[in-house]
Amino acid sequence: MSNSHADQWAPDSWKLKPVSQQIKYGDSEALAQVIDKLRQLPPLVSASEVDSLKSHIADAQEGRAFILQGGDCAESFSDCNADAISQKVRLLMSLSLLVSQQTQKPVVRIGRIAGQYAKPRSELTETQDQTTLPSYRGDLVNHIHFSESARMPDPARMLQGYSYASLTINYIRSLLEGDISDLFQLEQESQNLLSLKTNAKLHKSLDQFREAMRLFHQANGPQHNSRHWLEFFTSHEALHLHYEEALTRKANNGKWYNLSTHYPWVGMRTTIQDSAHIEYLRGIANPIAIKVGKDLSPQTLVQLCQVLNPNNEAGRLTLIQRFGHQHIAQVLPEMIKAVQAAGLKVLWSCDPMHGNTRVSSQGIKTRDFQHIQSELQQAFEIHAAHSSHLGGVHLEMTAEAVMECVGGTYGVTEQELDKAYTSLVDPRLNVAQVFELIDSLEEKQQHLHKIDTKHVSSS
C-alpha cells in the first residue's frame, strides 16, 4: 500500500465504501447529535494499554504466549451488574490458569465484554405471526422484545452502550486490584450447575482446580495482584461503525486508536475486500482481528492481510479461523501455506464455535460439544503439521448455569435446551463444558510438544 493511499484514511473514510450490515436510522439529525456527543466523551481504554496488548499478541505469534478470548455472544445492558461482571471475569481468569497449564505458556486474557452490544444477522428482518419487523441487532441498536417500537433502531442506545461499557470496565479494574483469591472463586457457578442437573458430576478439572487454589491460598495467605494479573483486555466486534468512529481518537504519537476497546474484530459477514469495515480497521493502530470462514479464498486472505497490515507489523493482525469441524481439514492447510508463502506475520486463533452452529429438532439454535472439541483439536494438529502454530482460542462461554450447547460429560440433551437457555443470540459453553474442552487438550498438547522437541533436536 502506498503512503498516499494510507494518508487518505480518516476515521470516517469508511463512509465512502460499501457498508454491509448497516443500521438504518429514521432520524438522521438524532444520529448526528448522538455521534457528536460520543466524540466529546472520554475514551474507555488508553492507547498505552492497546500498545501493551499488541506486544503480547506479537509474543503469541512467535509461540511465547497464548491468547484466551472469551465471553458472551451478545452482551445485554441488563448484565451490567456486579454479579454478572464478576462471574465473567472470574471464569476467564480461572480458565486462563488451566490454559497456561496445558500450553506451558503465559496466557493473555481478552474478554468479549464492555462493548459486545452489536450483532450481525443473516436476515435483517424477522417474521412472527405474519408480522415482519427489523431483526434484533444487539442492545446497542434496538431491543430484543418483538414489537415495532422495541425493534426500531434508536441512536440514543449508543450513549447507553457507552455508559454501560464504561461502568463495566471500571468495575473490572476494581476487581483486578483486589485480593487475588477473589478472582478464582467458581464455587457458586459450580453449585448452580449441580443444582440445575443434580445427576451430573462436574468434570474433574473443576474439582482439581478448586483444590489447587485452596492449597495456594493456604500456603501464601492473602495475595494482591502483580502487574501480570492486573492485565485484562476487552474486545468486541467493530460492527457499528458510527459508534466505533465516534470513539476513535488521535494519540500523542500521532496514530489513530479505537479507544472503545483494546481489540476490535470484524466478523465473517463484514470481512469483505474494499468494504467499509476493512477500510475502518486498516487505519487504526489497535491490534485487530478478522474472522476467516471456509468460503474465503487463500488469495483473498493474503490480499486482506496486506491491506490491513501493509508494513507486516508484529502483533498487528489476528486471523480467527472458524470453519466447522467437517471443513477445517480441507480449508486450513491451504490458507496456512498461502500466508507462509507471502511471509505474513499473523496470529492464528481458533473459534471452534461459529462454524458448528445448527438448529435442533425443536428449532433451537445449538452447538455440539464434540464438534467444538473436534475443530479445536484438529486446529492444533494441522498447524503443527504445517510448521505453524495456533496461538489463541476464541470461545463463546458463560459462568451462568445454562444448557445451550449439547453434549460433553455434563450431558446436555436437545430436549433440555429450553430448560436453561438465556443467550440473546448464539449458544454458549457453560462452566463444566468449557473446562472440559480445555482439559481435553492436555493429551494433545503433550503429543504436539513431543513433535516440537523432535523437530528442534533434528534441525
Residue pair [X] / [Y], side-chain heavy-atom distance below 4.5 Å:
X    : Y    : result
L98  : D439 : yes
L31  : M158 : yes
V108 : F233 : yes
Y136 : V425 : yes
L41  : L159 : yes
S423 : C73  : yes
I382 : P333 : yes
K88  : T398 : no

Going by distance alone, is a donor N or O of one side chain under 3.5 Å from an acceptor N or O of the other, for [X] and [Y]?
X    : Y    : answer
Q378 : S374 : yes
S52  : E231 : yes
T366 : E404 : no

Given H236 and E244, is the side-chain hydrogen bond (donor to acceptor under 3.5 Å, both in side chains) satisfied, shown in steps? CA-CA 10 Å; H236 66 249; E244 308 301 333; 2.9 Å; yes

Is it the case that the side chain of [X] and the backbone of [Y] share a donor-acceptor pair, with hydrogens and angles ignored and the cut-off at 3.5 Å?
X    : Y    : result
R367 : P427 : yes
T261 : T234 : yes
R137 : Q21  : yes
H389 : A60  : yes
R121 : S135 : no
R316 : L308 : yes
R269 : V266 : no
D59  : A65  : no
S13  : A10  : yes
Y257 : S260 : no

When rounded to the nearest 0.5 angstrom, what is the spacing between [atom1] in [X] and [atom2] in [Y]?
X    : Y    : atom1 : atom2 : result
N356 : Q370 : CG    : CD    : 9.5 Å
H386 : L332 : NE2   : CG    : 8.0 Å
I290 : Q321 : CD1   : CD    : 12.0 Å
L97  : I438 : CG    : CD1   : 12.5 Å
C350 : I67  : SG    : CD1   : 14.5 Å
L68  : M93  : CG    : CE    : 10.5 Å

Take Y171 and S86 through the side chain to side chain contact (heavy atoms under 4.5 Å, CB included) test and state the conclusion after the steps. CA-CA 8 Å; Y171 187 59; S86 58; 4.3 Å; yes

Test salt bridge (charged side-chain N to carboxylate O under 4.0 Å, His left out) on E49 and R173 and set out the steps. CA-CA 13 Å; E49 291 170 344; R173 294 188 198 283; 2.8 Å; yes

Using a strict 4.0 Å threshold on nitrogen-to-oxygen distance, state whether [X] and [Y] make a salt bridge.
X    : Y    : answer
E237 : K291 : no
K345 : E313 : no
E375 : R322 : no

Take E400 and Q87 through the side-chain hydrogen bond (donor to acceptor under 3.5 Å, both in side chains) test and state the conclusion after the steps. CA-CA 8 Å; E400 294 177 41; Q87 277 188 359; over 6 Å; no

Result for side chain to side chain donor-acceptor pair (under 3.5 Å) between T248 and one of Y243, W256, Y280 points to Y280

Closest contact, heavy atoms only, [X] versus [Y]:
X    : Y    : answer
L344 : C305 : CD1-CB, 3.5 Å
P43  : L259 : CB-CB, 3.5 Å
M353 : H394 : CG-O, 4.2 Å
A165 : L44  : CB-CD1, 3.8 Å
V141 : R157 : O-CD, 3.3 Å
H354 : D351 : ND1-OD2, 2.6 Å

Determine whether more than 12 heavy atoms belonging to other residues, nucleotides or ligands lie under 6.0 Å from atom [atom1] of [X].
X    : atom1 : value
E29  : CD    : no
E123 : CD    : no
K105 : NZ    : yes

Would you confirm whether the ring centroid of F77 sits within less than 6.0 angstrom of the ring centroid of Y164? yes

Do H383 and W348 have their ring centres less than 6.0 Å from each other? yes

In sequence, state the C-alpha distance, the side-chain angles, and the governing distance for Y162 and K37, and then conclude on side chain to side chain contact (heavy atoms under 4.5 Å, CB included). CA-CA 11 Å; Y162 169 91; K37 178 63 176 174; over 6 Å; no

Among S349, S96, P287, S235, side chain to side chain contact (heavy atoms under 4.5 Å, CB included) partner for I110: S235

One pair to check against side-chain hydrogen bond (donor to acceptor under 3.5 Å, both in side chains): S166 and S163. What are the steps and the verdict? CA-CA 5 Å; S166 178; S163 176; over 6 Å; no

